[in-house]
Amino acid sequence: MDKNIFQINLIGYKSLLRKEINRIFRIWIQTIIPPAITMTLYFVIFGSLIGSRIGAIDEYPYMTFIAPGLIMMSIITNSFGNVVSSFFSGKLQRHLEELLVSPMANITILLGYVSGGVIRGLSVASLVTIVALFFTNLTVAHPLITGLVIILISICFSLAGLINAVYANNFDDISIIPTFVLTPLTYLGGVFFSIEMLPGIWQTIARLNPMLYMINSFRYGMLGISDISITTGMTVIVTFTVTLFIIAYYLLKTGKGIRD
Amino acid sequence: MHALNIQDLRKVYRNKVEAVKGISLQVEEGDFFALLGPNGAGKTTTIGIITSLVNKSSGKVNVFGYDLDEKVEMVKTCIGVVPQEINLNAFEKAKDILVNQAGYYGVTRKEAKKRADKYLELLQISEKANQISRNLSGGMKRRLMIARALMHEPRLLILDEPTAGVDIEIRRTMWAFLEELNQLGKTIILTTHYLEEAESLCRNIAIIDDGHIIENDSMKNVVKKLQREVFNLTFEAEVGDIPPFEGMIFQKNGSHDVSIEMPTKGNINSLITFLSQQGLQVNSMRPKRNRLEELFVKLLEDKKNHG
């Protein structure tokens, strides 16, 4: 008699998620603490020391203005980093085969890894928010949008991490995207400034950066201010998330980089 | 019922290498089946296809009546696989590896923990349950991989060279364990380089060479084809030409070393007496244990002779 495939996938998902959570907290010195230290330094240097000379942006003290961007930056880097390193190490040590030979559906494997990325992103974001509260007062102007943006962006970058891991053949391949793509785009995406501060042509160029829409959507959720309309911001976030989901699922389904 | 039924299976990799060239094979339920072949013959690719780690180019694979193309989840549920290379998560504890693996097959955590304790005990690694796999010895890792493959209690267990690099004592313990599993009704497919291993465990055998099955018969019949065996002799003094004796073939390997090929039922006492009569005193005599190589050579010669 056929086993209940739904039951297999449900228990399989829980097992994979538990494994991912155990991994995050087993190596907490690598996964949780460094981002918190980095963000504390950002708050001290950019917020407290330099920020006091910059003054207010959109009526908010500079420290408060950069806080949502820094929280979002930690979500992006940690969601991405968690999935890319976990999936790639599974590929490298070949224990990913444990999942590939199992009856779990590709979608379940995808959801398991993405959930791990979301949990790491949210854990680090919570810690960074606590750190931020030592430096400034934070409010949440639009809780629903704030929550939605956090979840969608952590899903989006977890998916990006998985896609990167599928194509990666060595450790260099998993550091190229964070170093040469994510970090520059995040820095230029308005974490530390409003694009209103940029000269004309640079404002137009800045609008081509998808990070701008992500960071500003989150800033809108928290502070109620944004350089772009929230509708455009949410459209960009949803479009990216759905597109990356389709690509990641296709790669798992076809076995690109993981099945011969 | 066939535990495994493969029809005209082919695999061409992207680099155009054709690893499997139309293999057809049946393994009966409850069998202990050996899949033998030299490196690069297509064994691991065949197993990869059966276990969904390799996408086939064409052909049909059926496991306990489930078609791999239509019911892949059911096929996977029926199979437990022990791969050739160690593929354990180096930083995960032995017991966690087992419990998680069971979860991927839908086994509840409570039941998975029970089974993990059972298989760790049966494979004599229970004292290492809370060690990360990186700290286990090679033999323990192999046994942990067998335990992992059994966690969902599959009907078909596929072992791809499970005893490679394992010392003889552990190898024999593993053999005894596998025999017991087979006696309990589990179908087992074993690939190995050691004909002795296949000979002592398996009832039926298929031999793959260059992507083709060149032999598929009962172990008894295949071994019968090895009607001659070879001994390596070392003599006290330097050896000259040895005259012919009772269908034996002498081949000098060095000034003191000679290989002697003789019928399996040849009389060793009469050989020693004969050599003494020639003034040759034997210092040591060792059987040449590469029977698999001999078998391959013989099968390839037969194939060539029969076109």
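Sequence lines set the chain letters: A, B, ... in the order given, protein chains first and strands last, and positions in each chain run from 1. Just so you know, these numbers use all the heavy atoms, side chains as well, and skip hydrogens, waters and symmetry mates. Bear in mind the structure is a predicted one, so any value in this text is a computation, not a measurement.
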Query - Under 4.5 Å from any heavy atom of chain A - which part of B:Tyr104 - result: both
Determine whether more than 12 heavy atoms belonging to other residues, nucleotides or ligands lie under 6.0 Å from atom [atom1] of [X].
{"X": "B:Lys113", "atom1": "NZ", "answer": "no"}
{"X": "A:Tyr13", "atom1": "OH", "answer": "yes"}
{"X": "A:Leu144", "atom1": "CG", "answer": "no"}
{"X": "B:Arg134", "atom1": "CZ", "answer": "no"}
{"X": "B:Glu180", "atom1": "CD", "answer": "no"}

Query raised in the report: Of all the residues in residues 43-64 of chain B, which have a heavy atom that comes within less than 4.5 Å of a heavy atom in chain A?
Result: B:Thr51, B:Ser52, B:Leu53, B:Val54, B:Asn55
Report task. Identify the residues of residues 21-29 of chain B whose heavy atoms come closer than 4.5 Å to a heavy atom of chain A, ordered by number, or report 'none'. Result -> none
Report task. Hey, could you give me the CD1/CE distance between A:Ile8 and B:Met74, rounded to the nearest 0.5 Å? Result -> 6.5 Å
Query raised in the report: OG of A:Ser102 to CD of B:Glu73: how many Å apart, nearest 0.5 Å?
Result: 10.0 Å
Query raised in the report: Where does A:Arg26 contact chain B at under 4.5 Å (heavy atoms): side chain, backbone, both or neither?
Result: side chain
Requested in this report: Identify, with sequence neighbours excluded, every residue that meets side-chain contact (heavy atoms from CB on, under 4.5 Å) alongside A:Thr254.
Outcome: A:Tyr250, A:Lys256
Query - Which of A:Met104, A:Arg23, A:Gln93 touches chain B most, by non-hydrogen pairs under 4.5 Å - result: A:Gln93
Query raised in the report: Just by modelled atom types, is the A:Leu100 backbone N or O under 3.5 Å from a matching donor or acceptor in the B:Lys76 side chain?
Result: yes
Query raised in the report: Given B:Asn89 and A:Lys19, is the side chain to side chain contact (heavy atoms under 4.5 Å, CB included) satisfied, shown in steps?
Result: CA-CA 11 Å; B:Asn89 185 337; A:Lys19 183 179 152 186; 4.0 Å; yes
Query raised in the report: What pairs with B:Asn100 under side-chain hydrogen bond (donor to acceptor under 3.5 Å, both in side chains), at least two apart in sequence or on another chain?
Result: B:Glu92
Requested in this report: Dump the intermediate steps for side chain to side chain contact (heavy atoms under 4.5 Å, CB included) on A:Val101 and B:Tyr105, then the final yes or no.
Outcome: CA-CA 10 Å; A:Val101 300; B:Tyr105 287 82; 3.6 Å; yes
Looking at every non-hydrogen atom in both residues, tell me the closest pair between [X] and [Y] and how far apart they are.
{"X": "A:Glu98", "Y": "B:Asn87", "answer": "OE2-O, 4.2 Å"}
{"X": "B:Gly106", "Y": "A:Ile11", "answer": "O-CD1, 3.2 Å"}
{"X": "A:Ser15", "Y": "B:Gly103", "answer": "OG-CA, 3.1 Å"}

Requested in this report: For B:Phe91 and A:His95, run side chain to side chain contact (heavy atoms under 4.5 Å, CB included): C-alpha distance rounded to whole Å, both residues' side-chain angles, the deciding distance at 0.1 Å, then the answer.
Outcome: CA-CA 11 Å; B:Phe91 303 103; A:His95 59 80; over 6 Å; no
